[in-house]
Amino acid sequence: MERESATLETGAIPRSDVGPFDLQATLESGQSYLWDRPDGRMYDSLSAHGGDAWYETVVPPIDGVSDEQVVVRVRQCDDAIEWEATTDPVPLLTHLLRLDDDLDAILDATPDLPLLERAYDRYRGMRLVRDPPFACLISFICSAQMRVARIHEMQRRLAHDYGETVSVDGRQYHAFPTPDQLAAATESALRELKLGYRAPYVQRTAEMVADGEAHPARAADLDYEAARDYLTQFVGVGDKVADCVLLFSLGFLEAVPLDTWIQTAIADHYPDCDRGSYRETSRAIREQFGGAYAGYAQTYVFYYLRAGGAA
DNA sequence: TATCCAAGGTAAGTT
DNA sequence: AACTTACCTTGGATA
C-alpha cells in the first residue's frame, strides 16, 4: 500500500486570526494521539517549552471539511502558525484544532474556581481537538491503564503496520488504518504491537465499524447521554472512553471524562460531586464546571494535574 | 538486582 | 444495580 502524493505547499495563519493559542499544549495534553513530532520529543518533557517544534499527521477525508487525505505539518511561531501540507489545510486545521472556538469567551463563561483559574492561567491558549472519529475511538480504547507516551506509541505502531504509506517530498508518512485495514488484523498480531489485553477490543471494534454495524460518528446526532450510551456498544468502550470520544472528536464540549486525575481532583476539591455512579458523578462535576463547556475545564485540569502543576 | 506498583478502564462474573 | 476480579505491558519507585 503505497501512494505517491504531490509535494508540500507552505503557508501561515497569522496569530491575530486565531486569538490565544498554544500548539504544544493542544497536541501534547493527552487529547490526541494522532500527531507526531519529527524531532522525536513528543511527551518527552511535560513542562519543557515546545518552542517552535513541528508536528505532523495524515488526516483522512472528513465530511464537509476535506474530501481527500491530507498530509499536514504545523508549527507555532511568534506571530503565526506555519504550515506545510499537500493541499491548503487552513479549513482542516481550523476544524482539527478548533481554531474557530472563541477561547476567551469560553474561559470567561466557566465558574470562578481556584483550581480552574490556575490551570487556565498556566496553559491559556490550549484548545480542545477534533480528532477523526474512528482513530479517536481506537486511541482511547488503547488508553486503558496506559501512560500517554505509550498510548501514542501504540497509535504509531498501528499506523506503521496497518495504515497506508504516503510519500511526500521523499519522506514517508503513515496514515491511521481504516476500519477495514484494522479489522483484518489478528489479536495476536496486535498483541505483538504491545497492545496487551486491548488487542481483541481494537480488532473487534474495528470489525464492528467495518461491517457497518455501528460507527462512532453516528453518536454525533444524539443527545449527550444517549450518545455516550451509543458509544459503549463498542468493545473496550465504557463510559470514560465514550466521554473522551465525545469530547475530543464529536464536539460534545460538555463531556467530562472521569479518569483517575479528575477523580483525584473530585476527591480533593469537589467531594460533594462524588455521587457513587459514573452517570451521577458526571452530572455533578459537569454542573460544577459550568455545563456547556465543562469539557474544556476538564481538559485544562487534567493537563495541569498530570504535568505536576499542583505541586 | 529483584520486586512491586500504577498507568487517562473495561468485561465478565458474583451477590 | 452495586461490587470484585482479571487483564498485557513497562518504566520508575522501593527494598
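A, B, ... follow the sequence lines: proteins, then strands. Residue 1 opens every chain.
To the nearest angstrom, P of dG9(B) lies 12 Å from CE of Met154(A). For the pair Glu153(A) CD and dA7(B) C1', the interatomic distance rounds to 16 Å; values are reported in whole Å. Remark: P of dG9(B) and CZ of Arg147(A) are 11 Å apart, rounded to the nearest angstrom. Atom CD1 of Ile141(A) is separated from atom C1' of dT10(B) by 10 Å (rounded to the nearest Å). The CD-P distance, from Gln145(A) to dA11(B), rounds to 13 Å in whole Å. Atom CH2 in Trp261(A) sits roughly 7 Å away from atom P in dA7(B) (whole-Å rounding). Put simply, CG on Leu258(A) is 10 Å from P on dT10(B), counting in whole angstrom units. For the pair Tyr197(A) OH and dA7(B) P, the interatomic distance rounds to 12 Å; values are reported in whole Å.
No engagement by Thr264(A) is indicated, since no non-hydrogen atom pair under 4.0 Å with the nucleic acid exists. At a threshold of 4.0 angstrom between heavy atoms, the contacts of Tyr33(A) include nucleobase atoms, whether or not backbone atoms are also involved. Among the atoms of the strands shown, none is found under 4.0 Å from any heavy atom of Glu192(A). Backbone-only engagement by Lys194(A) is indicated by non-hydrogen atom pairs under 4.0 Å involving sugar-phosphate atoms exclusively. Within the nucleic acid shown, Gly30(A) comes within 4.0 Å of at least one base atom, counting heavy atoms only. Residue contacts for Gln31(A): at a heavy-atom cut-off of 4.0 Å it reaches a base atom on one of the strands shown. Across all strands shown, Arg198(A) has heavy atoms under 4.0 Å from base atoms, whether or not it also approaches the sugar-phosphate.
Nucleotides dC5(B) and dA6(C), compared at atom P, are 15 Å apart to the nearest Å. dT10(B) and dT10(C): their P atoms are spaced 22 Å apart (whole Å). Taking atom C1' on both dA6(B) and dC7(C), the two are 14 Å apart, rounded to the nearest angstrom.
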Exercise. Apply the test side chain to side chain contact (heavy atoms under 4.5 Å, CB included) to residues Tyr33(A) and Val148(A): give CA-CA distance (whole Å), side-chain angles for both, the deciding distance (0.1 Å), then the verdict.
Key: CA-CA 8 Å; Tyr33(A) 298 95; Val148(A) 292; 3.4 Å; yes

Quiz item: Between Gln298(A) and Asp259(A), is a side-chain hydrogen bond (donor to acceptor under 3.5 Å, both in side chains) present by the stated rule, with each step listed?
Solution: CA-CA 10 Å; Gln298(A) 187 274 358; Asp259(A) 57 73; 3.0 Å; yes

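Between Asp39(A) and Arg37(A) a salt bridge is recorded (basic side-chain N to carboxylate O distance below 4.0 Å). Between Arg279(A) and Asp239(A) there is no salt bridge, since no side-chain nitrogen of the basic residue lies less than 4.0 Å from a carboxylate oxygen of the acidic one. A salt bridge does not link Asp243(A) with Arg286(A): every distance from a Lys NZ or Arg NE/NH1/NH2 to an Asp or Glu carboxylate oxygen is 4.0 Å or more. A salt bridge is defined here as a Lys NZ or Arg NE, NH1 or NH2 lying under 4.0 Å from an Asp or Glu carboxylate O, and Arg150(A) with Glu153(A) fails to meet this definition.
Sparse packing is recorded around OH of Tyr293(A), with 12 or fewer heavy atoms of other residues, nucleotides or ligands lying under 6.0 Å away.
In this structure, the ring of Tyr300(A) has its center no less than 6.0 angstrom from the ring center of Phe289(A).
Each of Arg73(A), Arg75(A), Glu28(A) was checked for a side-chain hydrogen bond (donor to acceptor under 3.5 Å, both in side chains) with Tyr55(A), and the lone residue meeting it is Glu28(A).
If you take CZ on Arg130(A) and CG on Leu99(A), they are separated by 9.0 Å, rounding to the nearest 0.5 Å.
No hydrogens or angles were tested; on distance alone, nothing pairs the side chain of Tyr278(A) with the base of dG9(B) as donor and acceptor under 3.5 Å.
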Quiz item: So what is the 5' to 3' dot-bracket string for DNA chain C, if pairs are Watson-Crick or G-U wobble with both distances under 3.5 Å, crossing pairs use [ ] and | means the partner sits on another strand?
Solution: |||||||.|||||||

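In summary, contact between chain A and DNA chain C, defined as any nucleotide atom under 4.0 Å from a heavy atom of the protein, begins and ends at dC7(C) to dG11(C) in the 5' to 3' direction.
Under the 30°/60° scheme for interplanar angles, the aromatic rings of Tyr303(A) and Tyr123(A) are found to be tilted.
Of the residues near DNA chain B, Tyr201(A) and Ser143(A), the one whose nearest nucleotide (by heavy atom distance) lies more toward the 5' end is Ser143(A). Map Thr232(A) and Phe140(A) each onto its nearest nucleotide of DNA chain B; the residue landing nearer the 5' end is Phe140(A).
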